[in-house]
Amino acid sequence: QVQLVESGGGLVQAGGSLRLSCAASGRTFSTYNMGWFRQAPGKEREFVAAIKWSGGSTYYPDSVKGRFTISRDNAKNTVYLQMNSLKPEDTAVYYCAQDSRAYRSIGLSFSLQVTTTYDYWGQGTQVTVSS
């Protein structure tokens, strides 16, 4: 059974930084693309970042590009999201997710932005940015 456990959320002032972690178990972590999404109250779940199974490619929407960095440590079965220059509009519950297909490598710039690409999700961690 796959488990994804996020940690690192909290309350931070605008302009501050947080690093989220997601520890994975249950499948060969190094063969699956990983993503981060977020969901604010009353809004749809939104793509934040993704990283290829090899770690060689990363993907971001314009809203976080240059401020957020996704990385992974395949030896520790963990994916990270470093968030800098945080804004109040970054306030949301942040979820990590694991791709449903091992070694997926084609069309990642599109597919990894879509929630249906992922079959396992963490429980979420709250990030609150105060102004």
Side-chain angles (χ1 to χ4, degrees):
Q1 181 71 12
V2 173
Q3 283 194 319
L4 303 175
V5 180
E6 300 101 335
S7 60
L11 174 64
V12 64
Q13 288 189 331
S17 299
L18 281 175
R19 189 175 85 150
L20 306 183
S21 300
C22 173
S25 61
R27 293 198 293 208
T28 306
F29 178 77
S30 61
T31 66
Y32 288 87
N33 304 314
M34 298 294 296
W36 285 96
F37 288 74
R38 65 187 181 189
Q39 190 165 19
K43 294 189 175 182
E44 292 188 353
R45 196 162 292 192
E46 175 190 25
F47 171 68
V48 174
I51 187 166
K52 189 176 179 180
W53 52 270
S54 63
S57 298
T58 57
Y59 307 87
Y60 306 93
D62 288 343
S63 59
V64 308
K65 196 173 293 183
R67 300 189 298 123
F68 290 11
T69 303
I70 188 171
S71 61
R72 65 190 298 159
D73 185 338
N74 286 342
K76 295 183 178 179
N77 290 353
T78 301
V79 61
Y80 304 97
L81 185 67
Q82 177 67 44
M83 304 186 295
N84 299 329
S85 302
L86 283 161
K87 305 175 181 179
E89 52 263 45
D90 294 319
T91 295
V93 177
Y94 283 70
Y95 299 90
C96 71
Q98 191 170 70
D99 196 331
S100 62
R101 186 184 303 173
Y103 296 116
R104 186 195 304 267
S105 298
I106 304 299
L108 296 184
S109 60
F110 172 74
S111 63
L112 294 183
Q113 298 184 49
V114 181
T115 58
T116 53
T117 294
Y118 303 87
D119 58 351
Y120 285 99
W121 295 79
Q123 82 288 351
T125 186
Q126 177 70 47
V127 172
T128 302
V129 184
S130 63
S131 56

Is there side-chain contact between [X] and [Y], with heavy atoms separated by less than 4.5 Å?
X: Arg38; Y: Val93; result: no
X: Pro61; Y: Gln113; result: no
X: Phe29; Y: Val79; result: yes
X: Tyr120; Y: Gln1; result: yes
X: Gln126; Y: Thr128; result: yes

Handout entry: Single-linkage hydrophobic cluster, 4.5 Å side-chain cutoff, Ile70 and Leu108 together
Key =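 No, it is not one cluster - the side chains of Ile70 and Leu108 are not joined through contacts under 4.5 Å.
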
Practice task
Is it possible for you to say whether Tyr80 and Tyr60 belong to one hydrophobic cluster, with membership spreading through side-chain heavy-atom contacts below 4.5 Å?
Solution key: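 No, Tyr80 does not connect to Tyr60 through the hydrophobic network.
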
Handout entry: Transitive ILVMFWY cluster of Phe110, excluding itself - 4.5 Å side-chain cut-off
Key =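 Members alongside Phe110: Val114.
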
Please check this pair: side chain of [X] against backbone of [Y], looking for a donor-acceptor N/O pair closer than 3.5 Å.
X: Thr28; Y: Ser30; value: no
X: Thr125; Y: Gly9; value: yes
X: Ser109; Y: Gly107; value: no
X: Ser57; Y: Lys52; value: no
X: Ser21; Y: Ser7; value: no
X: Ser100; Y: Thr117; value: yes

Exercise for the section: Count the heavy atoms belonging to other residues, nucleotides or ligands that lie under 6.0 Å from CD of Gln3, then report whether that count exceeds 12. Expected result: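 Counting other residues, nucleotides and ligands, CD of Gln3 stays at 12 neighbours or fewer.
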
Handout entry: disulfide (SG to SG under 2.5 Å) pairs, two or more places apart, involving residues 97-131
Key =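 Found none.
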
What are the two closest heavy atoms between [X] and [Y], and how far apart are they?
X: Asp99; Y: Tyr118; answer: N-CD2, 3.5 Å
X: Thr91; Y: Ala40; answer: O-CB, 3.8 Å
X: Ser131; Y: Pro88; answer: CB-CG, 3.8 Å
X: Tyr94; Y: Leu81; answer: CD2-CD2, 4.1 Å
X: Cys96; Y: Glu6; answer: N-OE2, 2.8 Å

Exercise for the section: Please determine if Lys87 and Asp90 form a salt bridge, counting it only when a charged side-chain N lies under 4.0 Å from a carboxylate O. Expected result: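 No, no charged N to carboxylate O under 4.0 Å.
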
Practice task
Could you tell me whether Arg27 and Asp119 make a salt bridge, using a distance below 4.0 angstrom between a side-chain N and a carboxylate O?
Solution key: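 Yes, charged N to carboxylate O under 4.0 Å.
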
If you round to the nearest 0.5 Å, how far is [atom2] of [Y] from [atom1] of [X]?
X: Arg104; Y: Asn33; atom1: CZ; atom2: CG; value: 7.0 Å
X: Leu4; Y: Gln98; atom1: CG; atom2: CD; value: 5.5 Å
X: Met83; Y: Phe68; atom1: CE; atom2: CZ; value: 5.5 Å
X: Asn74; Y: Ile51; atom1: CG; atom2: CD1; value: 8.0 Å
X: Asn77; Y: Cys22; atom1: CG; atom2: SG; value: 10.5 Å
X: Thr78; Y: Leu20; atom1: OG1; atom2: CG; value: 12.5 Å

Practice task
Please assess Trp121 against Thr115 for the test side-chain contact (heavy atoms from CB on, under 4.5 Å), listing each intermediate value before the final yes or no.
Solution key: CA-CA 10 Å; Trp121 295 79; Thr115 58; 3.9 Å; yes

Exercise for the section: Any chance you could lay out the side-chain contact (heavy atoms from CB on, under 4.5 Å) test for Leu112 and Met34, step after step, and finish with the verdict? Expected result: CA-CA 8 Å; Leu112 294 183; Met34 298 294 296; over 6 Å; no

Problem - Which residues share a side-chain contact (heavy atoms from CB on, under 4.5 Å) with Gln82, sequence neighbours left out - result: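 Scan of Gln82 (side-chain contact (heavy atoms from CB on, under 4.5 Å), adjacent residues dropped) gives Ser17, Arg19, Thr69, Asn84.
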
Exercise for the section: Please find out if less than 6.0 Å separates the ring center of Trp36 from that of Phe47. Expected result: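 Here the rings of Phe47 and Trp36 have centres that are no less than 6.0 Å from each other.
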
Practice task
Answer yes or no on whether Arg101 is positioned over the face of Tyr32, meaning its NZ or CZ is under 6.0 Å from the six-membered ring centre and within 45° of the axis.
Solution key: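 Because its charged atom misses either the 6.0 Å distance or the 45° angle limit, Arg101 does not stack over Tyr32.
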
Exercise for the section: Please confirm whether Arg72 makes a cation-pi placement over Trp53, using NZ or CZ under 6.0 Å from the six-membered ring centre and within 45° of the ring normal. Expected result: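 Cation-pi check for Arg72 and Trp53: fails.
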
